[in-house]
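Contents: one structure, followed by commentary.
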Amino acid sequence: MKYLSSLSKKNLAKQTCLLRVDFNIENTDLHGYEHGLTRIPLRVERVLPTIKFLIDRGARVVILSHRGRPKTQISADSQRKSALSQRKSAFTLKPFAKILSKLLKKPVQFIDFNFRKSDFLKLRNKIENFPPGSIFLLENLRFLPEEEKNDKKFAQRLALLGDFYVNDAFSVSHRAHASVVAITQFLPSYVGLALENELKKLNQVMKSPKKPLIIIIGGAKISDKIGVIKNFLKKADWFLLGGGVANTFLAAQKLPVGQSLYEETMIPLARQLLKSKKIILPIDSVVSKGAILDIGPKTIKKYTEIIKSAKTIIWNGPMGYIEAKRFRKGTNAIAKAIVKSRAFAVIGGGETTSIMSKVKGQKSKVFISTGGGAMLEYLAGKKLPGIEALKYRRKSALNQRQSAS
Ligand code: 3PG
Ligand code: MG
């Protein structure tokens with residue numbers, strides 16, 4: 001793989017970079033930030049150094065991203081027009097132009113898709129007329145159906161906009177989409193600064209974790225996380241389970257779980273995994289209206305003790321129904337125990353990281369991954385298409401450009 005960090009002003013000056021980021025950020029988080037209630041969203045914060053790196057060395061930057069899953073908003077053709085405007089306002093990337101501009105103290109030009117099928121070359125010429133260091137943000141690529149189809153023709157046209165491509169979006173690298181995978185066939189492609197760091201941290205816990213290695217798994221569904229458990233069954237010392245994941249194991253032990261969230265179809269697999277003495281389940285829980293909604297005080301004590309002994313921790317998924325404050329105790333306690341411990345910790349998944357960011361104290365040994373699904377797949381030992389694509393050799397970018405125009 002080739003790394004952006006290895007490039008200098010000599011390579012970058014006057015070049016145009018197509019920078020893939022992941023601004024798939026909920027409107028609530030965005031509004032919170034805009035109203036000064038929350039910090040800069042992690043996925044924005046992490047790519048700022050990359051943008052600065054590029055513009056400081058005289059490159060122009062065209063930022064590419066998706067946001068949400070807008071195609072699901074189209075119900076019927078007759079409603080197409082109103083559905084289109086609805087999905088635009090809910091999923092547009094426009095607010096990010098303002099946010100980036102404020103953070104970078106530079107104008108960020110927003111580019112809408114009225115050029116859709118028209119000439120990408122024209123747009124490229126426009127971009128090239130801007131001085132080095134200019135920044136552009138392209139509208140949500142998922143407004144175009146070609147993006148999720150990993151459409152080659154589309155990727156080739158998109159590639160016309162720049163001289164090279166940088167993937168700095170670990171969290172979408174598990175998707176084989178045009179701006180993540182196909183585009184790498186048409187431009188020299190590099191690993192961005194944030195992606196480089198993310199891979200380094202994840203490889204550290206995967207390849208050479210200091211022991212004891214403790215894996216904490218919570219959240220709603222075990223089916224999302226089973227790959228991680230299987231991949232680490234030999235390497236890890238303990239698995240501390242909570243949330244719906246733990247409930248499925250409790251049900252596998254024929255314990256009453258009542259109205260609790262669990263996955264019936266995963267019970268045989270849970271039963272199989274229970275043969276491993278490394279799987280630790282809650283010993284008490286907080287129950288409301290017949291449903292387990294958090295781990296109980298004895299479990300908190302037990303888990304905290306185990307976390308104290310850890311040298312490496314991987315955590316994904318909350319211990320309870322953290323949407324309600326009164327069921328957040330278990331998850332908060334885990335977050336605090338991790339910060340207190342001596343362990344190097346890698347934490348992922350939107351909900352887990354939002355709790356973590358609120359915990360006070362020394363967090364230098366905690367790495368928060370931007371990835372949810374991508375982190376789980378990577379830790380499960382799967383190859384992510386977006387990362388694999390950066391390893392391919394491609395044909396000359398120039399030839400590809402000429403044949404596309
Ligand atoms: C994420 O938030 O997990 C990524 O941006 C991928 O989004 P997706 O699950 O809609 O593909
Ligand atoms: Mg997701």
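Indexing begins at 1, ligand by ligand and atom by atom, following the structure's order. Just so it is clear, the model here is predicted, and its values are computed rather than measured.
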### Query
What do you reckon, does His66 have a nitrogen or oxygen under 3.5 Å from a nitrogen or oxygen of ligand 1?
yes

Atoms in ligand 1 flagged as close to [X], the criterion being non-hydrogen separation under 4.0 Å:
{"X": "Asp22", "answer": "4 (C), 5 (O)"}
{"X": "Arg142", "answer": "7 (O), 8 (P), 10 (O), 11 (O)"}
{"X": "Asn24", "answer": "1 (C), 2 (O), 4 (C), 5 (O), 7 (O)"}
{"X": "Arg175", "answer": "8 (P), 9 (O), 11 (O)"}

#### Entry: Set of salt bridge (Lys or Arg N to Asp or Glu O under 4.0 Å) partners for Glu305, sequence neighbours left out
Lys308

### Task
May I ask you to test the Gln204-Phe367 pair for a side-chain heavy-atom distance under 4.5 Å?
no

### Message
Any non-hydrogen side-chain atom of Arg124 less than 4.5 Å from a side-chain atom of Phe120?
### Response
no

### Query
Out of Arg69, Arg67, His174, Arg43, who gets a non-hydrogen atom closest to atom 9 (O) of ligand 1?
Arg69

### Task
Validate the cation-pi geometry between Lys2 and Tyr190: distance from NZ or CZ to the six-membered ring centre under 6.0 Å, angle to the ring axis within 45°.
yes

### Task
Could you establish whether Ser171 and ligand 1 come within less than 4.0 Å of each other, counting only heavy atoms on the residue side?
yes

Please set out all donor-acceptor pairs under 3.5 angstrom arising from side-chain atoms of residues 375-385, sequence neighbours excluded.
from: Tyr378; atom 1: OH; to: Asn203; atom 2: OD1; distance (Å): 2.6

### Task
For atom NZ of Lys278, decide whether the heavy atoms of other residues, nucleotides or ligands shown that lie under 6.0 angstrom number more than 12.
yes

